[in-house]
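Proteins come first, then strands; the chains are lettered A, B, ... in the order of their sequence lines, and each starts at number 1. Since the model is a prediction, treat every value here as computed from it, not as a measurement.
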Amino acid sequence: MPVHEVDSLQAEVEPAAEDPITPRGDLKDAACWIAFGVAVLVGSITMDRLEQQHINPYTVPGLLPGMLGIMMILLGGILALRSLRRGALRLAPSPSSTHDSERWRRIWVVTSLCLGYGIVLIGHGLPFWLASTLYVTASILIVQGMSRDPVVRQQTPRSWAKALIIGLISSVVTTLVFQEFFLVRLP
Amino acid sequence: MLEGLAQLGHAYIGFLNPLTLAYGLGGAFVGIVMGILPGLSATLAIALLTTLTIKLEANDAILVLICSYVGALYGGSRTAILLNIPGTAANAASCADGYALAQKGQAGRAIGIATSGAFVSTLFGVLCLATFTPVLAEVALSFGAFEFFWLALFGVTLSGSIVGQDPLKGWLMGMFGLFLAQVGQEGLYAHDRFTFGWDELAGGFALIPALVGAFGLAEVLTTLADPIERKIMDLKDSVLPRWREVAQYWRTVLRSGVIGVFTGLLPGVGEDAGAWMSYAAAKAVSKERDQFGKGSIDGLMAAETGDMSSIPGHIIPCLALGIPGSAPSAVLMAAMIIHGVQPGPMLMIQHPTFIYEVVAMTTLASFTILLFGLFGVRPLLHVLKVPRAILMPIVFVLCVIGAYATASRLFDVYTMLAIGIVAFFLRRRGYEMAPLVLGMVLGHLLDKSLRRGLVLSDGSLLPFFTRPICMVFAALTLFTILLYAPWFKSLVQKLTGALGRSFRSLLPRRN
């Protein structure tokens, strides 16, 4: 089956992405890829060639990373050219909608919660079950607080108690199952 | 031949004990639940279960993982049918006809068709797994550094081309994955690359934390970032497997089974390619092609059988060559290595019975999904009613455990967080994760093969292009890249169009 037919079917059936990929976005990506490729190439060229160990010069450690750096620069360049041909500099950036700003707010909040749990709460002396209870409870309350549904959004003593119970039960059960039953070490 | 059959029989008998069966059912249960939950993939299910089964015997652990792999893809179609969101990427092709049937009040029928199609096609794939793996492993014994270099490069290139809509972005992700694999001590002289004097980086980026980040955290962020929560369709009719439809559409089942296994053999292509190609092939020859996308049984059957038969297909190159066919099979391969089984050409020599044990495990997995299809569909669907604000934080706790537990290093949790956040933003910009995974898996092989090959040839590049198998892989890699060039693509389309027309003219017309 020709690949183009499968592609068109896929595009036909799959719902459109909520964030359209713009030529301007691709141009920014291309700049990042080229910069990253240059950094990898420079890192590979300046990498120790282990000459004092008299190794075969074809086996220097920087050989493949250097080639990968060159490939990233090349592919990034093609991406940049393609985005320019598609009007990356001509087309005006699309104005951001309320939906977009709401989504960005949710992204930053959820990312902060995950980072707070993964970096601050665990691995620094707090028992795993307690750290997880705090994270799950806080996440439930905060995410529900951002809901569009006014009933879900409403914070009552009952919703707080429910979130705390879910957080506590899920954390204790997870800890017991992994640590005591399957003998897995937890952070 | 007879020895192989005896080993296969021995493997089947070995799995017929209550504890092993319980492990299989448990793995399938977790897989189905993960598959049902939109976005939580087979890759994540296997990665998390690798952590959970780390203290089990190797065979029991791999059985749990294979059952969860099959279960996740099977479970994913339920979400595609009831929510119009594929539970896993492989179920996207089931959305169109499955959801259309659900809208007509035939959701149970659609689920029944998916169950029977999944069972039959997985068994067909198992048959191919048992037949082709030893043969391919035998051929792979003649592979040297030059062949493995091309095989790794071809895998990343093909994965970048086929997965997703934009090959350029796929290749960039493949290069990024290959680069990530270069970080840490390299294999020949134990020299630290790109570690910046940071001891934690000397071990490199472990695959499981990276995958948990790319498929777990990225999905948690994607799901919770969406302001709209979707509602599921009602399930009124019977969800029992529909064998009559399997018999009625046996051509579709067989065709899709073959396509699924074939796409499974291609490195890094993923289960969704099997589903889409089967769907496209069914649409091209079906009597009811005008019904495709509007609730066609033929379309649903093709999509479901295509993705399920590609699972054993993906395991074949994973076992025989050490080259995974998809992201889930890459994690499966990593789990095998953790449990002391090194997949690749030497597998038949080091662990001669293992391939047959995997065949038995996959057979058992197909029976577990049938069992859940018969008795467990309705109760398991309740998981879709849990609000995402409750479910996703719990999933993230599991992601943290999954990243940490393999090596008990906090650094792995930080790796998961970093890769997860980067993957989330890359996915929003149209970059697929499968080429990244394949790059991370094949990076070491590519590096070692290139440098060993250059030592063997004393710096000459000729053997990379003149050895027979190298020539084939080099031509295939070049062909895959050139398909991106519009002039070459239109040339290929003209040629395949002309061949297709002349082939169709030879076939008898179906009314």
Side-chain angles (χ1 to χ4, degrees), chain A residues 1-7 9-10 13-14 19 21 25 29 33 40 43 47-48 50 53 55-56 58-59 61 63-65 68 71-72 75 78-79 82 99 102-103 106-107 110-111 114-115 117-119 122-123 132 135-136 139-140 143-144 148 166 170-171 174 178 182-187, chain B residues 51-52 54-55 92-93 95-96 162 165 168 171-172 175 178-179 182 186 188-189 191 193-194 217 220-221 224-227 276-277 279-281 283-284 293 389-390 393-394 396-398 400-401 404-405 408 410 413-414 416-417 421 428-430 446-447 450-451 454-455 459 483 489 493 496:
Chain A
M1 181 56 49
V3 173
H4 63 96
E5 277 184 34
V6 178
D7 281 351
L9 260 177
Q10 208 163 338
V13 173
E14 278 183 357
D19 292 313
I21 295 148
D29 289 1
W33 283 114
V40 171
M47 196 178 284
D48 193 344
L50 307 178
Q53 290 183 29
I55 65 160
N56 188 315
Y58 302 119
T59 61
L63 181 67
L64 183 69
L68 293 174
M71 285 307 295
M72 283 185 216
L75 293 171
I78 297 171
L79 185 64
R82 192 184 72 178
H99 187 78
E102 186 185 353
R103 186 180 301 165
R106 293 179 72 102
I107 290 170
V110 176
T111 308
C114 292
L115 287 175
Y117 174 61
I119 296 173
I122 61 162
S132 302
Y135 164 72
V136 174
S139 291
I140 292 172
V143 174
Q144 283 182 341
R148 283 182 174 180
I166 293 169
S170 62
S171 305
T174 309
F178 277 86
F182 285 98
L183 308 175
V184 172
R185 283 190 65 185
L186 297 176
Chain B
T51 309
L52 201 67
I54 211 151
K55 295 279 163 70
C95 278
I162 292 187
Q165 304 281 332
L168 198 53
W171 295 330
L172 276 163
M175 294 300 130
L178 287 171
F179 169 75
Q182 309 309 311
E186 48 87 34
L188 292 187
Y189 307 110
H191 178 73
R193 291 191 289 207
F194 304 105
L217 173 56
V220 169
L221 294 176
L224 291 181
D226 192 352
W276 282 114
M277 289 195 185
Y279 188 79
K283 191 175 181 182
I390 293 172
I394 298 171
F396 182 64
V397 170
L398 295 177
V400 169
I401 299 174
Y404 177 83
S408 300
L410 269 179
V413 176
Y414 304 146
M416 182 271 290
L417 288 168
I421 292 170
R428 285 170 63 89
R429 303 180 83 87
L446 190 73
D447 182 42
L450 173 67
R451 294 195 285 160
L454 284 172
V455 170
L483 267 181
K489 194 174 176 178
Q493 282 171 5
T496 50

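Only the side chain of B:Leu217 comes within contact range of chain A, judged by heavy atoms closer than 4.5 Å. Heavy-atom distances place the side chain of A:Ser170, and not its backbone, under 4.5 Å from chain B. With a threshold of 4.5 angstrom between heavy atoms, A:Leu186 approaches chain B through its backbone and through its side chain. Heavy atoms of B:Leu417 lying under 4.5 Å from chain A belong exclusively to its side chain. Only the side chain of B:Tyr404 comes within contact range of chain A, with heavy atoms under 4.5 Å apart. Heavy atoms closer than 4.5 Å to chain A are found in both the backbone and the side chain of B:Leu178. Contact of A:Met47 with chain B is made through the side chain alone, with heavy-atom distances under 4.5 Å. For a residue to count as touching a neighbouring chain, one of its non-hydrogen atoms must lie under 4.5 Å from one of that chain's; by this rule A:Leu79 touches chain B with backbone and side chain alike. For chain A, the nearby part of B:Leu450 is the side chain; its heavy atoms alone come within less than 4.5 Å.
In terms of heavy-atom pairs under 4.5 Å with chain A, the best-connected choice from B:Leu398, B:Leu188, B:Leu221, B:Thr51 is B:Leu221. If you tally non-hydrogen atom pairs under 4.5 Å between each of B:Ile394, B:Val413, B:Leu410, B:Leu224 and chain A, the highest count goes to B:Leu224. Ranked by heavy-atom pairs shorter than 4.5 Å toward chain B, the options A:Val40, A:Ile122, A:Ile166, A:Leu63 are led by A:Val40. For chain A, the option among B:Leu454, B:Val455, B:Val220, B:Ile401 with the highest count of heavy-atom pairs below 4.5 Å is B:Ile401.
Annotation: side chain of A:Met71 is not in contact with side chain of B:Trp171 (no heavy-atom distance under 4.5 Å). Contact check for A:Asp48 versus B:Arg193: no side-chain heavy atoms found under the 4.5 Å cut-off. Within the 4.5 Å cutoff, no side-chain heavy atoms of B:Lys55 are placed close to those of A:Val184.
For the pair B:Ala225 and A:Arg103, the tightest heavy-atom approach, listed with the atom from each and the gap, is O-CG, 3.2 Å. Annotation for A:Asn56 and B:Tyr189: closest pair N-OH, 4.2 Å, computed over non-hydrogen atoms. Scanning both residues, A:Pro61 and B:Glu186, for their nearest heavy atoms gives CB-CG, 4.1 Å. Shortest non-hydrogen contact noted between A:Pro187 and B:Val400 is CG-CG1, 4.4 Å. When all heavy atoms of A:Pro65 and B:Phe194 are compared, the closest pair comes out as CB-CE1, 3.6 Å.
Note that the CG atom of A:Leu68 and the CG atom of B:Leu446 stand 7.0 Å from one another [nearest 0.5 Å].
Listed for the B:Arg429 side chain is no donor-acceptor partner under 3.5 Å among the backbone atoms of A:Asp29.
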